[in-house]
Amino acid sequence: MRLSGRFWMKPAEPIDLPGPFSLEPLLALPLELQLGVIQYLEDDDLYTLGATCKSLHYLCFSTFLQNNNIPELAHYERLTIPEVHPLTPHFVQAARSIKKLRYIDMHMSKGCQRLLDDVEYLNQIVRNVESIEGTKIDFNLMDSWAWKTSQKALDKYMWVKGFTDLLDIMIDKGCQEMDILGSDAVKRLYTELERDGIPSETLPGSSSKDFVANAPRPLLNPKKSGKDRRHWPGRESISRIFGKSEATPPPGLPITNNMYTSRRSGSYSMPQLQRLRIESSMLLQYSFYPWTIEMLSQTSSTLTRLSLQCSALPISTWTRLLSSITLPSLTILALGIEPYKNGDTQCPNFVDLVAFFKRHPTIEELSLQGVERPEVCPILKKPILPALKKMMANPVWISCLVGVLDQYPDALPDLNTVGITTEYCSFEDENEDDYVYRLLDDALQKLSNFPRNITLALCLPSKKGMCDWFDKHISRGKRNSVIVHLTCVTALDISTLYFVDFGREEAQGFPGLVGLFPSLERIAFKEVRVGDNDGYELLKDDEFLTQLACASPTLSRVEAMHDSKVVNSIQLRPIREQGLAWIDSGFGL
């Protein structure tokens, strides 16, 4: 019988326990009856019985997961720990049967000691597996709690050392994809204030191992001896992973940047990390910055996709970061910083970004949000990013990168998708007008001379000004609107931020705007919010579809997409024929 997916169960040989007890009567029962008995045991009893033999270990493990509403790890090869069920010693012991994990999805629990315990328990699980393909660590619940509490009980040095050691082991186990979400508020819990900026001693050759050399020593239990002297479980259990180890390479094996040094095991291995997504400013703050630079340097040979989405940081941090790393295989780059206003210096500046792009000609997809937006569009002397295929950025950046085509018509030969966003994002002041839709016109003007067909992606991050922008171009008509000259645009992708409602007023003006595109063949609504629904609802509105079909004679298809997948597609030719017939009959629309 197969209980846990890939593990086949069969009765094991009887194993005698010390004393008058024996497992023979239990193991002699059919497997169904064994499960019937085991399912009534408490977690402590499951833990004890599961330690007696391999057969009962798997049965008790499966029962433990079922009793606590946890997916069967062996079956799915995916370890998911939600916020409502923090890790426990029993779970950790049960998870020792897993040797290969495709993915770890960890949601950190709230509480300072709980945070340290989660790292310790997850560390014990990871140490026992042979390999890990991907991991996601989510701090959103912890952040929500940290912003509300006044508690300051998190030892900064223990936290930095413990968390970076955990990430080191994951990379050493062959992790190919890593996502770290949240944790911006963790520094509010530190017992010591977190310094701004980055360590001045962060120079080539330094490492996070030196930075945390003064971390507290593990607390020991004097009643025990040897390696088991540390308490487990308990408050001191987190210190188990803080043992100091000096890595020594095997004889004859040189140390290079293409090798990842595991500070926990002291071993050297070829890194396999290909995608790194950091939606957190924690790893770029003072205490974590040395480790982050070291990790990016040691995984540079394999890292192809990098996403940094975080809150505003000192400009010195961005300058040092962009100048310190070189990723020769980088193909996808996404930088997203909290919406910045004119005069704000808490974001990557234009000069540093251009210098970074010049060192990374392999970039194929680029997304820039919240970076410095010069008041006047700079003119590049020479083209950059020759391999660029897709980009999403502020209109000023679009004008800058595409503007080189005026002098170098052969530049950007592979570019097929251009995304433009005004980056307007305001929850509080509805009268704030730092980013206006008129900026789109300058970028569209630059695209009017593009030599090849492209997909134009418009991100509409504000409801304010959207209808006015539609009406302005409709009123200018097919003679004066810049949209009329966009003969290169054959596909249009529309998206909005999650709080922007593409309501009926916007839907009424949108067909008139679409009618100005001379060569448009396809429209896709991506992550568009319509009331409490998504863009799929727009494709259910027959009147809206008829207006689109009649407004643009070249438009053949309208799609609704979710998570980059087409969930609905409507062919407009039959609708257009029916709509035109309705008009010809004299009834109108």
Side-chain angles (χ1 to χ4, degrees), residues 81-87 104-123 135-167 178-199 208 211-212 215 235 238 276-292 295 307-318 321 334-341 344 346-348 369-370 425-428 497-499:
I81 303 99
E83 305 96 327
V84 296
H85 194 288
L87 288 172
I104 295 179
D105 188 358
M106 176 70 183
H107 295 257
M108 291 296 186
S109 306
K110 56 185 180 181
C112 295
Q113 185 56 42
R114 184 68 254 179
L115 184 64
L116 296 177
D117 289 342
D118 281 348
V119 172
E120 159 67 357
Y121 295 143
L122 187 57
N123 183 287
T135 182
K136 182 180 76 171
I137 302 179
D138 194 328
F139 287 85
N140 287 324
L141 180 67
M142 165 59 71
D143 281 343
S144 300
W145 176 79
W147 286 116
K148 299 176 183 179
T149 185
S150 59
Q151 182 180 154
K152 295 184 180 295
L154 183 62
D155 189 293
K156 178 171 63 174
Y157 294 101
M158 293 182 67
W159 165 241
V160 173
K161 185 69 165 63
F163 190 60
T164 55
D165 277 356
L166 173 63
L167 299 181
M178 179 176 290
D179 300 282
I180 301 175
L181 314 180
S183 74
D184 286 347
V186 171
K187 69 176 184 179
R188 294 170 51 89
L189 307 175
Y190 291 164
T191 54
E192 301 179 18
L193 291 178
E194 176 74 335
R195 297 176 60 179
D196 294 329
I198 57 177
S208 57
F211 181 73
V212 295
R235 182 178 180 82
I238 187 63
L276 176 63
R277 179 167 67 127
I278 300 177
E279 294 188 3
S280 163
S281 60
M282 181 183 71
L283 292 182
L284 297 178
Q285 291 169 358
Y286 187 89
S287 299
F288 280 92
Y289 183 84
W291 178 87
T292 302
M295 181 270 295
S307 176
L308 297 176
Q309 312 282 336
C310 56
S311 57
L313 292 167
I315 191 173
S316 59
T317 301
W318 290 113
L321 175 67
L335 290 178
I337 294 86
E338 281 188 353
Y340 104 104
K341 304 178 180 60
D344 195 349
Q346 306 300 305
C347 62
Q369 301 287 329
C425 178
S426 177
F427 293 92
E428 300 176 357
L497 296 183
Y498 68 94
F499 56 85

Student check: side-chain heavy atoms of Q151 and C112 closer than 4.5 Å: yes
From CA spacing to verdict: side-chain contact (heavy atoms from CB on, under 4.5 Å), C347, I315: CA-CA 6 Å; C347 62; I315 191 173; over 6 Å; no
Beyond-backbone contact of W318 with I337, side-chain heavy atoms, under 4.5 angstrom: yes
Gap between atom OG of S109 and atom CG of L141 - 0.5 Å precision: 7.0 Å
Straight-line distance of W159 CH2 to L189 CG, nearest 0.5 Å: 10.0 Å
Check: F139 and K110 side chains under 4.5 Å, non-hydrogen atoms: no
D155-T191 side chain donor-acceptor pair, cut-off 3.5 Å: no
Over 12 foreign heavy atoms within 6.0 Å of NZ, K152: yes
Derivation and outcome, side-chain contact (heavy atoms from CB on, under 4.5 Å), residues Q369 and L335: CA-CA 6 Å; Q369 301 287 329; L335 290 178; over 6 Å; no
Heavy-atom side-chain proximity of M295 to L167 below 4.5 angstrom: no
T135 and M106, any side-chain heavy atoms less than 4.5 Å apart: no
Centroid-centroid under 6.0 Å between Y157 and Y190 rings: no
Residue pair S280 / D184, side-chain heavy-atom distance below 4.5 Å: yes
Which atom of A185 lies closest to which atom of A146, heavy atoms considered: O-CB, 3.6 Å
Interatomic distance, I278 atom CD1 to I180 atom CD1 [nearest 0.5 angstrom]: 5.5 Å
Residue pair I137 / L181, side-chain heavy-atom distance below 4.5 Å: no
NZ on K156 to CD on E192, rounded to 0.5 Å: 5.0 Å
Short side-chain to backbone donor-acceptor contact, T164 and V160, under 3.5 Å: yes
Spacing of OG1 belonging to T292 relative to CD belonging to Q285, to within rounding of 0.5 Å: 10.0 Å
Validation row: E279, D179 side chains within 4.5 angstrom (heavy atoms): no
Verdict with reasoning, F163 to W291, per side-chain contact (heavy atoms from CB on, under 4.5 Å): CA-CA 11 Å; F163 190 60; W291 178 87; over 6 Å; no
Distance, nearest 0.5 Å, that separates NE2 of H107 from CG of D105: 4.0 Å
Side-chain (D143) to main-chain (G182) donor-acceptor, under 3.5 angstrom: no
